[in-house]
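Below is one structure, written out as structure tokens; comments come after it.
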Amino acid sequence: MFNSLSDRLTATFKNLKGKGRLSEADIDGTAREIRRALLDADVAVPVVRQFIAKIKARALGAEVSEALNPGQQVVKIVNEELVGILGGKTRELAFAKQPPTIIMLAGLQGAGKTTLAGKLAYRLKNQGHTPLLVACDLQRPNAVNQLQVGGQRAGVPVYAPHPGVSSEAEVATGDPVAVARDGVAQARQALHDVVIIDTAGRLGVDEELMRQASDIRTAVGAHEVLFVIDAMIGQDAVATAQAFDEGVDFTGVVLSKLDGDARGGAALSVASVTGKPVMYASTGEGLKDFEVFHPDRMARRILD
Ligand code: GDP
């Protein structure tokens with residue numbers, strides 16, 4: 001993750017080593033390098049601009065001018081700002097006092113929601129929880145089956161419109177809000193302590209999708225709404241994240257497909273424009289390719 005960004009910043013800071021104090025020219029040069037590195041990592045342009053302005057303001061302030069090692073001071077500032085934007089501390093799921101905890105997944109089609117549902121269920125099961133998966137993606141042909149396969153692999157039951165026997169036509173005419181409500185009722189009855197609801201996505205953001213997701217959120221009283229975003233999304237990260245933030249007011253972000261070529265700049269973009277923490281990273285198609293996102297580790301990795 002962030003390899004290129006990390007490499008560039010490392011090179012930048014090497015140049016700063018051995019200098020007594022930072023001049024304005026040093027800071028400008030560094031800022032230029034950081035800007036380039038962030039843009040190369042596909043961080044959205046307005047986010048980069050804001051980040052650089054913050055770094056410059058802080059680096060030119062008293063802390064740096066009085067510091068013994070200005071280079072390290074800039075590293076510290078960049079590190080603090082990165083960690084801050086990425087959500088500060090690691091944030092894990094907040095479980096409801098009164099089970100079941102209801103977790104809903106939202107995002108564009110192909111973002112990795114259904115895959116994530118299986119991974120999250122597997123992780124929670126291994127932690128001693130008793131999750132139930134609920135298939136509310138009734139738009140995409142085969143999404144219900146895909147969730148059922150994921151559930152089977154994870155050893156976690158799946159609530160679907162007509163478990164096991166749905167034809168595509170039956171699924172397409174179903175009402176996802178009703179399915180979500182029924183799924184949660186089923187979880188209560190069978191004493192599942194967590195419900196994971198997979199929802200439909202579109203190729204682009206659209207109003208109907210957002211209304212449906214929002215209706216599901218309200219109908220079941222979701223405790224966590226995880227916005228799943230493909231790490232490869234690039235500059236579209238900002239508009240997509242803003243639309244989902246307004247539409248479903250998500251509580252956390254999952255960055256998917258971090259095993260690909262993506263440099264992870266989307267994490268900075270989304271966290272920066274929504275103020276919501278990145279909670280997990282998805283790193284492959286397997287059930288175990290999933291990790292808790294550590295802002296501090298990520299920032300250290302960028303700077304090491
Ligand atoms: P959904 O439409 O949001 O439910 O997306 P899916 O879960 O169906 O994922 C879309 C495609 O991306 C599928 O082919 C998945 O196997 C793949 N995929 C999902 N997550 C990851 C990931 O973290 N890494 C990789 N390499 N592929 C992934």
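In each ligand, atom 1 is the first atom listed, and ligand 1 is the first ligand listed. Predicted model only: the values in this text are computed from it and were never measured.
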Below 3.5 Å, N or O to N or O, backbone or side chain included: is there any such pair between [X] and ligand 1?
X    : value
L258 : no
Q109 : no
D198 : no

Atoms in ligand 1 flagged as close to [X], the criterion being non-hydrogen separation under 4.0 Å:
X    : answer
R140 : 1 (P), 2 (O), 4 (O), 8 (O)
L108 : 3 (O)
K119 : 23 (O)
Q146 : 6 (P), 7 (O), 8 (O)

Nearest non-hydrogen protein atom, [atom]:
atom                    : value
atom 13 (C) of ligand 1 : T115 OG1, 4.5 Å
atom 10 (C) of ligand 1 : G110 O, 3.7 Å
atom 27 (N) of ligand 1 : E285 CG, 3.5 Å
atom 26 (N) of ligand 1 : D259 OD2, 2.7 Å
atom 4 (O) of ligand 1  : T114 OG1, 2.7 Å
atom 5 (O) of ligand 1  : G112 N, 3.1 Å
atom 11 (C) of ligand 1 : K257 NZ, 4.1 Å

Is T283 touching ligand 1 with its side chain, its backbone, both, or neither, if touching means heavy atoms under 4.0 Å apart?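 Within the 4.0 Å criterion, T283 contacts ligand 1 through backbone atoms alone.
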
Given salt bridge (Lys or Arg N to Asp or Glu O under 4.0 Å), test K54 with E80 step by step and report yes or no. CA-CA 11 Å; K54 248 191 200 167; E80 282 171 7; over 6 Å; no

May I ask you to check whether over 12 heavy atoms, not counting those of [X], lie within 6.0 Å of atom [atom1]?
X    : atom1 : result
E207 : CD    : no
Q146 : CD    : yes
Q242 : CD    : yes

Main-chain N/O of [Y] paired with [X] side-chain donor or acceptor, under 3.5 Å:
X    : Y    : result
K113 : V228 : no
D206 : L209 : yes
D193 : T130 : yes

So between G284, S256, S282, whose heavy atom ends up nearest atom 22 (C) of ligand 1? G284

How close do A31 and I52 get, heavy atom to heavy atom, and via which atoms? O-CD1, 3.6 Å

Of all heavy-atom pairs linking K119 and G286, the shortest is CE-O, 3.2 Å

If you measure from the Lys or Arg side-chain nitrogens to the Asp or Glu carboxylate oxygens, is any gap between D249 and K276 under 4.0 Å? yes

